[in-house]
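The structure appears right after this line, and notes come after that.
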Number of protein chains: 2
Amino acid sequence: VARTREYDQSQLLDRAMTLFWQHGFAETSMDQLVHATGVSRSSLYTAYPDKRTLFLAALQHYLDTVTTASLQQLQQHERASASVRRFMLHLVPQRDRHGAPNLGCLLTNTAVEMGNSEPQVAARVRKAFARVENALASRLATAQAQGDLGPEYDPALLAKQLLVLIQGIRVMSRLRVDKRLLRDAINSALAPLS
Amino acid sequence: VARTREYDQSQLLDRAMTLFWQHGFAETSMDQLVHATGVSRSSLYTAYPDKRTLFLAALQHYLDTVTTASLQQLQQHERASASVRRFMLHLVPQRDRHGAPNLGCLLTNTAVEMGNSEPQVAARVRKAFARVENALASRLATAQAQGDLGPEYDPALLAKQLLVLIQGIRVMSRLRVDKRLLRDAINSALAPLS
C-alpha cells in the first residue's frame, strides 16, 4: 500500500528554492535543506536522491510560481506600455540597502553559477529566458499597435534588450547598488515607450 | 635577511584569477590553487594565509589588468560613439557555443556569488562598476559634443543603462546564449548613437 506523503510538497519546494536562491547550489548543503524544509532526512532522500535532483525540482518550482507570477504582471494593464514599464520597475528591490538581503533572481544566479558547467541546467535557464523574451516582445508589439511605441522601433529587438537588461538588474540588485541607478537605467531603456 | 620570492607574483595572480573566474569562490579549493599556480603550499600560505585573502588579491589583479585593458578600448577612437560601440560589442563572446567555456566577468560573477554575504567584496565591486559607469558617461558626453548623440539624451543616464546591460551580457555569455541575441540587444541600446 502506497503511503500518503507526510509533508507538503509545495512547501518543501518553496523552502528549498529559497535556500538555493539565497546561497546558490554549491553553498547549500543537504543538511541545511533537511533543516529548512522540516522534512525527515529519509523522506527527503526518498523523493530527491541527491542535491542536484532537488535543485532541478526547486528551479522548476521557481518557474511555475515566481516567474509565472511575474509574467502575469505583463498582462495587467490594457495599455501594454504601462504593463512593460511596471514589470521592469518592479524588478528594482523595494528594500533599502540596510534591509534584508536581496536575492536577485534564481535563474540569473543559476546562469552565473552553473551555466558553464551544467549544460542541462543551462538549457533550462535559456528556455525560461526565451519565455520572458517572447512575453516582452508580444506586449511591445501590442504597445506599438496601440501607438505607444514608434514605428521605427522593432519590438523583437527591444525585447532582447530588455531581457539582457533584466539580468543586469538582477546582478546589481544582489550587490545592493543604489536603486536610483536601476530606475534610471530602466527609464533610459524605456525611453522609446510613451 | 629577507629571501627573494621564488615565484612570479603576477603569474600567480593570473592563474588564481582564472580559477576563481571559471569556478567561483566557493568551488575553488586551496588545493586547486596550489596546483594551478605551481607555487609551493608553504609559499602560497605565507603570502595568502587563507583563500579569501588570495581571492581579494586576484580580484584586484583583475581590476588592474582585465578591467583596465577593457576601459582603454574606450579611448581608442577619435569618435567617441565608435569607441562605445566597439567596447560594447567586444563583450559578446567570440567563440561559438561549442567552444571553450565563456567566463563572463569576474566582477559580475562575484556580485552574484558574494554580493549578499560579503559587504567588503560587494563594496569593491560597486566601486569598480562606478569606474566603468564614469568612463562610459565621459565618452558619451564626448559623443554628444561630437554630434553623435542627440541633445535629447542624457549621457549619464545612458551610461547607467549600458552599465546594467553589460552585467546582463556577462550573465547571458556564461549561459552560452546565441550571440546574435547579445548583438541585437547592444545595437538596440545604442540606437541613440550615430
Side-chain angles (χ1 to χ4, degrees), chain A residues 22-27 97 101-105 107-117 119 121-123 125-126 129-130 133 152-154 156-178 180-189 191-192, chain B residues 22-27 97 101-105 107-117 119 121-123 125-126 129-130 133 152-154 156-178 180-189 191-192:
Chain A
Q22 186 153 11
H23 303 295
F25 178 77
E27 289 287 272
R97 51 196 284 181
N102 189 283
L103 303 180
C105 167
L107 296 170
T108 310
N109 300 348
T110 301
V112 170
E113 185 180 1
M114 305 170 83
N116 251 339
S117 54
V121 174
V125 177
R126 280 198 299 269
F129 284 171
E133 181 190 334
E152 69 274 29
Y153 294 101
D154 178 343
L157 280 190
L158 190 51
K160 289 179 206 299
Q161 184 191 340
L162 294 183
L163 172 69
V164 178
L165 192 72
I166 288 169
Q167 307 318 313
I169 293 165
R170 299 308 211 167
V171 169
M172 304 288 269
S173 301
R174 211 152 154 100
L175 202 64
R176 302 196 203 180
V177 297
D178 189 331
R180 282 171 302 185
L181 188 158
L182 299 178
R183 284 206 205 98
D184 285 349
I186 292 166
N187 285 322
S188 175
Chain B
Q22 185 152 10
H23 303 294
F25 177 77
E27 288 288 273
R97 51 196 286 181
N102 188 282
L103 303 179
C105 166
L107 296 170
T108 310
N109 300 349
T110 301
V112 170
E113 185 180 2
M114 304 170 83
N116 252 339
S117 54
V121 173
V125 177
R126 280 198 301 270
F129 284 170
E133 181 191 334
E152 69 274 29
Y153 294 102
D154 179 342
L157 280 189
L158 191 51
K160 288 179 207 299
Q161 184 191 340
L162 294 183
L163 173 68
V164 178
L165 191 73
I166 289 169
Q167 307 318 312
I169 293 165
R170 299 307 210 168
V171 169
M172 305 289 269
S173 302
R174 209 150 156 102
L175 202 62
R176 303 196 203 180
V177 296
D178 189 332
R180 281 171 304 186
L181 188 157
L182 299 178
R183 283 206 205 99
D184 284 350
I186 291 167
N187 286 323
S188 175

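Computed over heavy atoms, backbone and side chain alike; hydrogens, waters and symmetry mates excluded. Convention: sequence-line order gives letters A, B, ...; per-chain numbering from 1.
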Top contributor to chain B contacts, counting heavy-atom pairs under 4.5 Å, from [options]:
| options | value |
| --- | --- |
| Ala130(A), Ala189(A), Ala122(A) | Ala189(A) |
| Glu27(A), Gln167(A), Arg174(A) | Arg174(A) |
| Gly168(A), Gly115(A), Ala159(A), Pro119(A) | Gly168(A) |

Measure distances from [X] to the heavy atoms of chain B and classify the residue's part below 4.5 Å as side chain, backbone, both or neither.
| X | value |
| --- | --- |
| Leu163(A) | side chain |
| Glu152(A) | neither |
| Leu162(A) | neither |

Given side chains that start at C-beta, do those of Leu181(A) and Phe129(B) come closer than 4.5 Å, heavy atoms only?
no
From Lys160(B) atom NZ to Arg183(A) atom CZ, the distance as rounded to the nearest 0.5 Å
13.0 Å
Excluding sequence neighbours, so at least two apart, what forms side chain to side chain donor-acceptor pair (under 3.5 Å) with Gln161(A)?
Ser188(B)
How far apart are the closest heavy atoms of Asn116(B) and Gln22(A), and which atoms are they?
ND2-O, 4.3 Å
Bottom line for Ile166(B): the part with an atom under 4.5 Å from chain A's heavy atoms is neither
Only one of Leu157(A), Asp154(A), Val164(A) passes side chain to side chain contact (heavy atoms under 4.5 Å, CB included) with Asp184(B), and that residue is Leu157(A)
